Structures are given as structure tokens and as C-alpha cells.
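Start at 1 and go down the list; that is how both ligands and their atoms are numbered. Worth saying up front: this structure is predicted, and the values here are computed from it rather than measured.
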Amino acid sequence: MASTTRRPLMAGNWKMNLNHLEANLLVQKLAASLTEKQLTEVETVVLPPFTDLRTVQTAVDGDKLLIGYGGQDLSPHASGAYTGDISGAMLAKLGCTYVVVGHSERRAYHHEDDTVVNAKVKAALTHGLTPILCVGEGLDVREQGTHVAHCSTQLDGGLAGLTAEQVRQVVIAYEPVWAIGTGKTATPEDAQEVCGAIRQRLAKQFDQDTADQVRVLYGGSVKASNAASIMAQPDVDGGLVGGASLDAEEFAQICRFPEHITR
Ligand SMILES: O=C[C@H](O)COP(=O)(O)O
């Protein structure tokens, strides 16, 4: 597992699933399935659809649940005539801590390039949100063996113009597109190769202290059965979990991964 100075983060990206009633149930069940010690050791976060956020906020605040939450996207703009968009200020007002930026589904279906992703990272930081910046290669790139260079380019693009101090507030998620929702998980070695390369890149572009502080997550078909072996890798500081986070018990088991790592 990662260095003791980096607190593991397990974030459940619900994508376009669960209405606000289902969201309330899942959050309550998740909190009840984990002890205070487990929730302290592993930072546990849910990333629901926008329409669920107020309900999740009410549940978390009302019962003082040790669970964080955030959005799945934000506008690069602060406010204005951007129909359908949600600003960082709106998310912050709802008590969000995190926001996903540059998920491969946004890059593919909404044509978000590194320039847009970079603007969204900056917007998140402006509003006091921690961006979870996603990078990852498709199958074609993986088969060509250029996945490290591909992810480094996305990383550089997403972080362009940021100071080292700002970069220390960002979380990076490595999500190989070929492993998302396919049941095809990267091996622990695959995850370590790219997460380690991301950390080296951060050291080169910023400084070693920054690289040592930034949390790097792995995402792509993480389940209770494979979480511990992936999280045991030295440069993997947690996970961005899709499908398996829709089941409270499965996600709780994933969050208990430290109990299954033998040191
Ligand atoms: O954001 C989460 C990822 O896209 C992974 O999704 P998945 O766990 O369903 O493969």
C-alpha cells in the first residue's frame, strides 16, 4: 500500500445511476457497514448524480456520517448562460469536497479535450473543490505499448499552468478505458506501472515533495475480490470505483481493503 503519509481514498462514482431516494438508502447503508476506525483509515467518498447531492448532503450532515461526497463533473465557467451545466460554486455550496474531471466517458461522449479538462481543474480549485483528474488509455494505445506516454500527456495537459502548491490539492485517477465496466481489470502490475509513472512525472514537472503528497488512484473494474491486491501496490493510493460502488456491501468491502493486505 501507499506511503503512510498519503491517506487512502476510495471514491464511488455512481455515474448516471440511483435516484435521490436510492442515494439516501445507499449512503445510510454504507455508513452503517463501516466502523469509525475503518472510515478514518480509508477516506470514503461517493460521487452521485447532481440530482442526488442535496439528499446526500442532508444524510451526511444530519447523521454526522464520516463519508465525503462530490460531483461527477463541473463547468469551467463560474456562472452564466450555460444551459445544463453546474458550477463549482454550486457544488461547493452543497458541501461537496470532490469533483471528477476528465473522466473517459466525458472525454468520449462530450468531446472534452485536455484544454477543457485543464479549465475544469482550475475551476474546481478556484471553488475549493478537490479535482479527481482522470487519465487513461484506450485499448489501441495499450496494444501499441504507448500507454505511459499517453497518460503523461493527459496529465501534463490537465495540470498545465498550475503551481506545485495547487497540484498538491489534486487527486489523479488512472483509469485504463479498456478496463472500465468491462470486468477486465488491469493487473496490480499494470496499475503500478502507470501510477508509478504518474508520480515520477509529477516529480519531474513539479518537485519530489509534490509527487510524494499527491494521491494516485486506480479505476477500472475494481471489486471486493481484487481491491486488496491492487491497493497493495506502492504507488496506488486508492480507487475510483464504478459499478461495484452501487452496492453498499460490496463497496464497504472494498473500503475494508487494508484488512486484506499482508505486510
Ligand atoms: O469512475 C469509475 C470508473 O469508470 C470505473 O468503472 P467500473 O468500476 O464500473 O469499471
Side-chain angles (χ1 to χ4, degrees), residues 8-18 22-23 26 30 42-50 52-53 56 67-74 91 96-110 112 117 120-121 124 129-139 141-142 147 150-151 154-155 158 170-188 190-192 194-195 198 215-231 233 236-257:
L9 168 63
M10 204 53 75
N13 177 9
W14 297 357
K15 307 192 178 181
M16 198 172 71
N17 294 291
L18 307 183
E22 294 163 330
L26 197 153
L30 179 63
V42 175
E43 185 176 1
T44 302
V45 166
V46 294
L47 303 162
F50 292 135
D52 297 356
L53 284 171
V56 170
I67 288 183
Y69 56 93
Q72 298 175 13
D73 182 41
L74 83 168
L91 295 177
C96 290
T97 315
Y98 291 95
V99 63
V100 179
V101 176
H103 191 280
S104 59
E105 287 149 17
R106 302 284 318 173
R107 292 180 190 257
Y109 308 142
H110 297 267
E112 293 188 6
V117 170
K120 290 187 174 193
V121 167
L129 299 164
T130 298
I132 301 177
L133 168 62
C134 300
V135 300
E137 80 286 356
L139 190 57
V141 172
R142 166 65 56 168
H147 46 284
H150 176 92
C151 293
Q154 286 185 331
L155 183 74
V170 177
V171 170
I172 310 295
Y174 167 55
E175 297 207 318
V177 180
W178 47 271
I180 296 177
T182 57
K184 198 171 181 223
T185 320
T187 63
D190 290 335
Q192 170 57 29
V194 181
C195 292
I198 287 171
R215 290 180 293 180
V216 183
L217 314 182
Y218 167 78
S221 297
V222 172
K223 307 183 271 280
S225 57
N226 61 25
S229 60
I230 297 171
M231 303 309 145
Q233 300 302 310
V236 181
D237 303 313
L240 184 56
V241 184
S245 71
L246 299 174
D247 180 304
E249 189 41 48
E250 174 85 9
F251 190 51
Q253 274 189 51
I254 292 172
C255 295
R256 285 187 216 109
F257 77 84

Hey, what polar pairs (N/O, under 3.5 Å) does ligand 1 make with protein?
unit_1: ligand 1; atom_1: 1 (O); unit_2: Asn13; atom_2: ND2; d: 2.9
unit_1: ligand 1; atom_1: 1 (O); unit_2: His103; atom_2: NE2; d: 3.1
unit_1: ligand 1; atom_1: 1 (O); unit_2: Glu175; atom_2: OE2; d: 3.1
unit_1: ligand 1; atom_1: 4 (O); unit_2: Lys15; atom_2: NZ; d: 2.7
unit_1: ligand 1; atom_1: 4 (O); unit_2: His103; atom_2: NE2; d: 2.8
unit_1: ligand 1; atom_1: 4 (O); unit_2: Glu175; atom_2: OE1; d: 3.2
unit_1: ligand 1; atom_1: 6 (O); unit_2: Lys15; atom_2: NZ; d: 3.3
unit_1: ligand 1; atom_1: 8 (O); unit_2: Ser221; atom_2: N; d: 3.4
unit_1: ligand 1; atom_1: 8 (O); unit_2: Gly242; atom_2: N; d: 2.9
unit_1: ligand 1; atom_1: 9 (O); unit_2: Gly243; atom_2: N; d: 2.8
unit_1: ligand 1; atom_1: 10 (O); unit_2: Gly181; atom_2: N; d: 2.6
unit_1: ligand 1; atom_1: 10 (O); unit_2: Ser221; atom_2: N; d: 2.8

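Here the shortest heavy-atom pairing between Val177 and Gly138 reads CB-CA, 4.0 Å.
The distance from atom CG of Leu47 to atom CH2 of Trp14, rounded to the nearest 0.5 Å, is 9.0 Å.
Inspection of the Ser229 and Asn226 side chains reveals no N or O donor paired with an N or O acceptor under 3.5 Å.
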Criterion side-chain contact (heavy atoms from CB on, under 4.5 Å) on Val194 and Tyr218, from CA distance to verdict: CA-CA 9 Å; Val194 181; Tyr218 167 78; over 6 Å; no
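Among Arg106, His110, His103, the single residue meeting the side-chain hydrogen bond (donor to acceptor under 3.5 Å, both in side chains) criterion with Asp73 is Arg106.
Under a 4.0 Å N-O distance rule, the pair Glu137/Arg107 does not qualify as a salt bridge.
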